[in-house]
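Below you'll find the structure, written out as structure tokens, and then a few comments.
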Amino acid sequence: MKVYLNGKFVDRSKAVVSVFDHGLLYGDGVFEGIRSYDGLIFKLKEHIDRLFESAHTIMLKIPMSKAALIDVVKQSLRVNRLHDAYIRLVVTRGEGDLGLDPRKCADPTVFAIADRIELYPKRLYEQGLELITVATQRNVPEALNPQIKSLNYLNNILAKIEAINAGFEEAIMLSHSGYVTECTGENIFLISSAAGKGKRLVTPPTYIGVLRGITRQTVMALGRRTRLDVREDLLTRHDLFNADEVFLTGTAAEIVPVVKIDGRMIGSGKPGAVTKKLQQAFRQLTKTDGIKY
Ligand code: PMP
């Protein structure tokens with residue numbers, strides 16, 4: 001495997017960074033996770049834009065243009081002869097001293113790893129996932145805005161550990177005020193039917209403290225196209241428990257049906273019809289909507 005590191009493709013054994021890199025010392029850096037499907041990179045521009053936004057907020061100047069970074073992603077896939085892959089693009093503050101001061105870090109570290117995608121077990125998509133709500137609250141945006149896709153994922157990792165300790169794979173994180181935010185690496189949606197009206201597709205608004213997921217935005221657009229009433233609304237656990245369907249979205253996971261939350265069965269307890277329809281529509285999109293490399 002060849003890894004892009006600061007301007008060169010090097011063997012994975014040579015792809016190493018300094019122990020003084022503030023990405024390592026402080027989680028001071030930003031990243032993206034990108035997917036390619038059969039030779040097409042999905043939503044590449046959106047990922048690159050989001051990377052630059054995250055970097056801008058933390059005042060990290062990415063030492064390359066967007067076009068050059070797009071080229072790095074394409075080349076990473078070509079060099080490694082990958083078609084269906086996952087690409088991790090990372091920019092750290094770079095090497096500094098042992099203090100926090102980012103001014104001491106002269107050169108940001110840029111790397112990209114393209115690897116075969118580790119798909120989640122098929123069973124997960126066929127039978128659906130069971131979730132648990134955990135005590136670790138999602139970071140309040142006023143302290144650390146989840147829109148910054150930073151290298152510091154301890155908030156999410158703490159929640160993940162709680163889920164694992166309880167025998168679950170994934171956790172629902174609540175906001176400071178008890179509203180549903182997202183899972184540790186995926187956004188959450190519910191489908192409900194209002195009497196006499198069509199189906200509603202609802203996901204928490206970003207201001208409550210969730211990442212504006214690129215899959216989230218894609219699924220909302222697909223929902224509108226299939227005439228669902230798409231909304232961003234505050235959601236409680238009660239809303240989730242009583243939804244017809246619940247699912248999660250993320251670049252790696254795509255769309256994962258959820259069948260049980262905190263012991264409550266969701267809908268029929270099986271992946272629902274609307275979720276399946278959205279999964280199909282999403283799959284279709286990945287076949288046509290992408291950048292060649
Ligand atoms: N929420 C969090 C906390 C994430 O880290 C991610 C990405 N893994 C998502 C949601 C999903 O975002 P996207 O659809 O852009 O991958």
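Start at 1 and go down the list; that is how both ligands and their atoms are numbered.
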So, for Tyr125 and Gln279, which heavy atoms are closest and what is the spacing to 0.1 Å? CD2-NE2, 4.0 Å
N-O pairing of Glu182 and Arg216 below 4.0 Å: no
Using distance alone, determine whether Leu211 and ligand 1 share an N or O pair under 3.5 Å. no
Close approach of Gly33 to ligand 1, heavy atoms, under 4.0 angstrom: no
Do the ring centers of Phe31 and Tyr153 come within less than 6.0 Å of each other? yes
Atoms of ligand 1 less than 4.0 Å from Thr184 heavy atoms? 3 (C)
Would you mind checking which non-hydrogen protein atom is closest to atom 14 (O) of ligand 1, with the distance to 0.1 Å? Thr215 OG1, 2.6 Å
I'd like the name of whichever of Thr251, Asn187, Ile34 reaches closest to atom 16 (O) of ligand 1 through any heavy atom. Thr251
Taking the six-membered ring of Phe241, is the NZ or CZ of Arg264 close enough (under 6.0 Å from the centre) and on axis enough (within 45°)? yes
Check whether the ring centres of Phe247 and Phe189 lie less than 6.0 Å apart, and answer yes or no. yes
For Gln217 and ligand 1, answer yes if some heavy atom of the residue is under 4.0 Å from a ligand atom, otherwise no. no
Say whether Asn156, considering both its backbone and side-chain N or O atoms, lies within less than 3.5 Å of an N or O atom on ligand 1. no
Does at least one non-hydrogen atom of Lys149 fall below 4.0 angstrom from an atom of ligand 1? yes
Output yes when the distance from some N or O of ligand 1 to some N or O of Glu182 is under 3.5 Å, and no in every other case. yes
Does the side chain of Leu234 reach to within under 4.5 Å of the side chain of Ile208, using non-hydrogen atoms? yes
Is a donor on one side and an acceptor on the other found under 3.5 Å between the side chain of Thr275 and the backbone of Pro271? no
What I want to know is whether Gly250 and ligand 1 share at least one N or O pair that is separated by under 3.5 angstrom. no
Within the 4.0 Å heavy-atom shell around Gly213, which atoms of ligand 1 are there? 12 (O), 13 (P), 14 (O), 15 (O)
the protein heavy atom lying closest to atom 8 (N) of ligand 1 turns out to be Gly185 O, 3.1 Å
Centre of Tyr37's six-membered ring, under 6.0 Å away, within 45 degrees of the axis: is that where NZ or CZ of Lys287 sits? no
Under a heavy-atom criterion of less than 4.0 Å, does Glu32 contact ligand 1? no
Lys160 side chain vs Glu169 backbone, donor-acceptor pair below 3.5 Å: yes
Taking atom CG of Asn145 and atom OG1 of Thr57, what is their separation to the nearest 0.5 Å? 7.5 Å
Looking at ligand 1, does any of its N/O atoms fall within less than 3.5 Å of an N/O of Tyr153? yes
Just jot down the ligand 1 atoms closer than 4.0 angstrom to any heavy atom of Arg138, in number order. 3 (C)
Using a 4.0 Å cutoff against the non-hydrogen atoms of Arg50, which atoms of ligand 1 qualify? 15 (O)
Say whether Thr218 and ligand 1 are in contact under the criterion: heavy-atom distance to a ligand atom below 4.0 Å. no
State whether Arg231 and Asp229 are salt-bridged, where the test is any N-O pair (Lys NZ or Arg NE/NH1/NH2 against Asp/Glu carboxylate O) under 4.0 Å. yes
